[in-house]
Amino acid sequence: MVEDSIHASAEEEGPTRKPWSMPTEVDYYSKMLKSIKSKRYESYAVSRVVHLLDDPEIELVTQKPIRLADGTLALLDLFLPQFNLGIEIDELHHLDAGTREYDRAREQAVIDIADLPPLVHLGVETTDSLDTLKEKTDDLIRDICGWKRAAITRGTFLPFSYGDRYRPEYWRARGRITTEDDIQMPRIRQVLALFGIDVQFPRRGTHSLHENFQVWMPTLDQKDVTPRKDWKNVLSDTGDIITQTQLIDGDFGHNEDMRSVVFAKYKDPIFLDTYYRFLGIFRVAGIDDTGRVVTLRREQTEIDLTPYL
């Protein structure tokens, strides 16, 4: 592990770039509905769901992008992350014989790559009256309410609260982060804020927490993401090994006693979101003879934040 490297993953933020700020809830829902304004029936149905469901504990995402194996994007009309369910608003052209087989094949590709159950379909004929469209949409709303009740009964429902996954103060109040949590820090500044560190424009990929303990924020090497020219950081499929390769000249040195809390810059290959993701606490497990390739192994899958409150 590079102990104190400004090259490991420098924040792409500086005096000429404004710090990230979270959109308001009004902006969030306005943008979400704006993304479907060109589709009449989908726009009506989804807008009705949003306004009549009126449940801030249920997360609704419109036009959720999913990257398919062939590199193309599929867009789910409505996605409910808490239930891992995708909903399609099928207008008349989707039901034409000429497109039905194509739609089925593409839908199966979405289900397979995103590991979703069969999609829920709301069939809408362009000859449907407004009353019929209301009835169909209201049936869907009742289904969503039923999914929530069932999840509560099973003890698996986690209420959605807008913006919590991005807020350092939310996680600090919880006092602990695990690799299973849906924590998504937008910038290095928010990562550092988890530990009570306030830096307006961070320029380093590491920050000391105390002796031989640091937070490290590398950029992961991923398919379809522009690679860095200085360091290559590869996460194993199992998520417990990071291999860091030095691509530039220089003797950066390695402290084998250093333990690193890793928040890696990550682009979800399926849903395409980019954020800093908590991978756990790692320690150097090996260094090759050249000193340019370092292997780090995960020791812990959680971090206690209470010492930093």
Side-chain angles (χ1 to χ4, degrees), residues 21-66 73-96 99-100 103-104 106-107 110-111 114-167 170 182 184 268 270-273:
S21 60
M22 186 173 63
T24 67
E25 287 186 80
V26 173
D27 289 337
Y28 172 78
Y29 284 104
S30 176
K31 183 178 179 180
M32 186 173 70
L33 294 174
K34 185 178 179 180
S35 69
I36 56 173
K37 67 178 183 178
S38 63
K39 301 181 178 182
R40 291 185 301 161
Y41 292 91
E42 180 181 337
S43 178
Y44 178 85
V46 173
S47 296
R48 189 171 178 85
V49 169
V50 170
H51 292 111
L52 292 190
L53 180 64
D54 193 26
D55 188 339
E57 291 188 340
I58 296 178
E59 182 177 9
L60 303 172
V61 182
T62 61
Q63 297 294 287
K64 185 63 176 176
I66 296 178
L73 284 180
L75 298 175
L76 285 177
D77 294 338
L78 188 62
F79 180 57
L80 282 64
Q82 291 149 298
F83 312 118
N84 198 36
L85 283 173
I87 298 171
E88 287 290 283
I89 314 298
D90 293 327
E91 298 181 12
L92 183 63
H93 68 275
H94 285 294
L95 306 178
D96 291 341
T99 61
R100 189 171 299 170
D103 282 352
R104 279 199 297 262
R106 192 164 177 83
E107 177 174 317
V110 168
I111 291 170
D115 194 23
L116 298 174
L119 303 184
V120 176
H121 289 268
L122 176 63
V124 177
E125 297 279 353
T126 55
T127 55
D128 280 347
S129 67
L130 180 59
D131 285 343
T132 300
L133 183 54
K134 286 180 179 179
E135 290 175 6
K136 291 180 176 180
T137 306
D138 291 350
D139 284 342
L140 174 60
I141 293 172
R142 283 189 284 272
D143 286 342
I144 295 173
C145 293
W147 299 335
K148 177 182 177 179
R149 287 194 300 271
I152 291 173
T153 300
R154 293 192 303 269
T156 59
F157 183 72
L158 295 175
F160 172 69
S161 178
Y162 175 72
D164 279 352
R165 63 169 64 102
Y166 310 115
R167 292 190 180 107
Y170 168 77
D182 185 25
Q184 300 180 18
D268 189 304
I270 304 301
F271 296 119
L272 306 182
D273 300 316

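Every value quoted in this text rests on a predicted model; they were computed, and no experiment measured them.
Note that the CZ atom of F157 and the CD1 atom of I58 stand 5.5 Å from one another [nearest 0.5 Å]. Here the NZ atom belonging to K31 is positioned 10.0 Å from the OG1 atom belonging to T62, to the nearest 0.5 angstrom. Atom CZ of R142 sits about 10.5 Å away from atom CZ of R149, to the nearest 0.5 Å. To the nearest 0.5 Å, atoms CG (L53) and CD1 (I144) are separated by 5.5 Å. Here the straight-line distance linking atom CG of L75 with atom CD of Q63 works out to 5.0 Å at 0.5 Å rounding. W147 CH2 to I152 CD1: the interatomic distance, rounded to the nearest 0.5 Å, is 14.5 Å.
Salt bridge annotation for D103-R106: absent, with no cationic side-chain nitrogen under 4.0 angstrom from a carboxylate oxygen. Here D273 pairs with K64 in a salt bridge; the nearest charged N to carboxylate O distance falls below 4.0 Å. Under a 4.0 Å N-O distance rule, the pair D139/K136 does not qualify as a salt bridge.
Residues I36 and E42 come closest through the heavy atom pair CG2-OE2, 3.2 Å. Residues V49 and L78 approach most closely at CG1-CD2, 4.4 Å, considering heavy atoms. The nearest pair of heavy atoms linking P65 to L73 is CB-CD2, 4.4 Å. In terms of heavy atoms, A151 sits closest to F83 at CB-CE2, 4.2 Å. Annotation for I111 and L119: closest pair CD1-N, 4.0 Å, computed over non-hydrogen atoms. In plain terms, the two heavy atoms of Y44 and K134 that are nearest each other are OH-CG, 3.1 Å.
A donor-acceptor pair under 3.5 Å is formed between the side chain of E88 and the backbone N or O of D77. No donor-acceptor pair under 3.5 Å is formed between the side chain of Q82 and the backbone N or O of K148.
Sparse packing is recorded around CZ of R40, with 12 or fewer heavy atoms of other residues, nucleotides or ligands lying under 6.0 Å away.
Test D90, D143, T137 against L122 for side chain to side chain contact (heavy atoms under 4.5 Å, CB included) and you get one pass: T137.
Using a 4.5 Å cut-off on side-chain heavy atoms (C-beta onward), L116 and L85 make no contact. Between F79 and N84 there is a side-chain heavy-atom pair separated by less than 4.5 Å.
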R48/L133 under side chain to side chain contact (heavy atoms under 4.5 Å, CB included): CA gap, chis, key distance, verdict: CA-CA 10 Å; R48 189 171 178 85; L133 183 54; over 6 Å; no
